[in-house]
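Notes to accompany the following structure.
Sequence positions, counted from 1, serve as the residue numbers for this chain. Just the heavy atoms: all of them, side chains too, but no hydrogens, waters or symmetry mates, feed the values below.
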Amino acid sequence: MSVARQSTSNGAAVVHADPRDEIVEHLKPMRAFAMSLTKDWAKADDIVQDTIVKAWTNIDKFEPGTNMRAWLFTILRNTFYSSYRKVKREVSDTDGVFSARLSEKPSHDGRLQMRDFERALSKLPIEQREALILVGASGFSYEEAAMTCGVAVGTIKSRVNRARNHLSALLDLKGDTNFEMTDEATLAVVAMNTSVTR
């Protein structure tokens, strides 16, 4: 049996048994109390085990000479209610139905799409790429783009239309595809209206 020593005010040593030795005496009543709270032997045993761990690691907080059972039951009760509150916040999802709904695309998807877009854009003929960037990304009107390139408005419209079709084919985009980009200029290019009137 381990012994704990404590000095009194007059300097005399008072010998107490190590309170950890007493924990074992309270296991049966603790298990019965846990069962009355949980109505499940497995959960009751888990709570008793958690209680013992907490009591053991916090034994310095137990005041020798006081009621060990009351102290242990307080820990057990607090442990039960903590786990109960946690379970109430959790949703049972044995089939994974709820977790499947919570999934989200990894953040790198946007970076990969951007890389694919840049690669496809670089494959366009320079005239088409230039027209698409001016009209789609820079916000130029067809007239302003035509003036910048020194060509007719109809030529710019044709280049933009061919560029967008070519880009869509390179990226394998369908009409209803949601091409996720964070860059506004890129979004403008991809989502640009294919109409040749502006």
What distance do M147 atom CE and L134 atom CG have between them, rounded to the nearest 0.5 Å?
12.5 Å

Please name the pair of heavy atoms, one in L124 and one in A163, separated by the smallest distance, quoted to 0.1 Å.
CD2-O, 3.9 Å

For the CG atom of L37 and the CZ atom of F80, what is their distance to the nearest 0.5 Å?
5.0 Å

Side chains of residues 72-79: which donor-acceptor partners sit under 3.5 Å, not counting sequence neighbours?
from, atom 1, to, atom 2, distance (Å)
T74, OG1, A70, O, 2.8
N78, ND2, T74, O, 3.3
T79, OG1, K54, NZ, 3.0
T79, OG1, I75, O, 2.7

I59 reachable from V24 in the ILVMFWY side-chain graph, under 4.5 Å edges:
yes

In this structure, NE2 of H166 is separated from CZ of R129 (nearest 0.5 Å) by 11.0 Å

Between the OG atom in S83 and the CG atom in D46, the distance rounded to the nearest 0.5 Å is 9.0 Å

Pair listing, ring pair (Phe, Tyr, Trp, His ring centres under 6.0 Å) test, anchored in residues 119-138, at least two apart:
none

Tell me, please, which residues at least two apart from R20 pass salt bridge (charged side-chain N to carboxylate O under 4.0 Å, His left out).
D18

Which residues pass the side-chain hydrogen bond (donor to acceptor under 3.5 Å, both in side chains) test with K39, not counting sequence neighbours?
none

Answer yes or no: is there a donor N or O on one side and an acceptor on the other, between the side chain of N58 and the main chain of K61, under 3.5 Å?
no

How long is the gap from OG1 on T66 to CD on E63, to the nearest 0.5 Å?
5.5 Å

Q128 side, atom CD; K123 side, atom NZ - distance, nearest 0.5 Å
14.5 Å

Would you list the atom pairs, donor with acceptor, under 3.5 Å between side chains in residues 148-156 and any protein atom, with sequence neighbours excluded?
from, atom 1, to, atom 2, distance (Å)
T148, OG1, E144, O, 2.8

Going by the rule side-chain hydrogen bond (donor to acceptor under 3.5 Å, both in side chains), which residues pair with H26 if we only count those two or more places apart in sequence or in a different chain?
E22, R69

Other than M35, what residues sit in its cluster of Ile, Leu, Val, Met, Phe, Trp and Tyr side chains whose heavy atoms are under 4.5 Å apart, directly or through others?
W41

In terms of hydrophobic clusters joined by side-chain contacts under 4.5 Å, are Y81 and V48 together?
yes

What residues form a side-chain hydrogen bond (donor to acceptor under 3.5 Å, both in side chains) with D45, not counting sequence neighbours?
R31

Looking at L171, L170, L132, which hits side chain to side chain contact (heavy atoms under 4.5 Å, CB included) with L121?
L132

Is it true that atom CD of Q49 has more than 12 heavy atoms of other residues, nucleotides or ligands lying nearer than 6.0 Å?
no

Tell me every residue that passes salt bridge (charged side-chain N to carboxylate O under 4.0 Å, His left out) with R119, counting only those two or more places apart in sequence or in another chain.
D116

Ring pair (Phe, Tyr, Trp, His ring centres under 6.0 Å): which pairs involve residues 43-62, sequence neighbours left out?
F62-W71

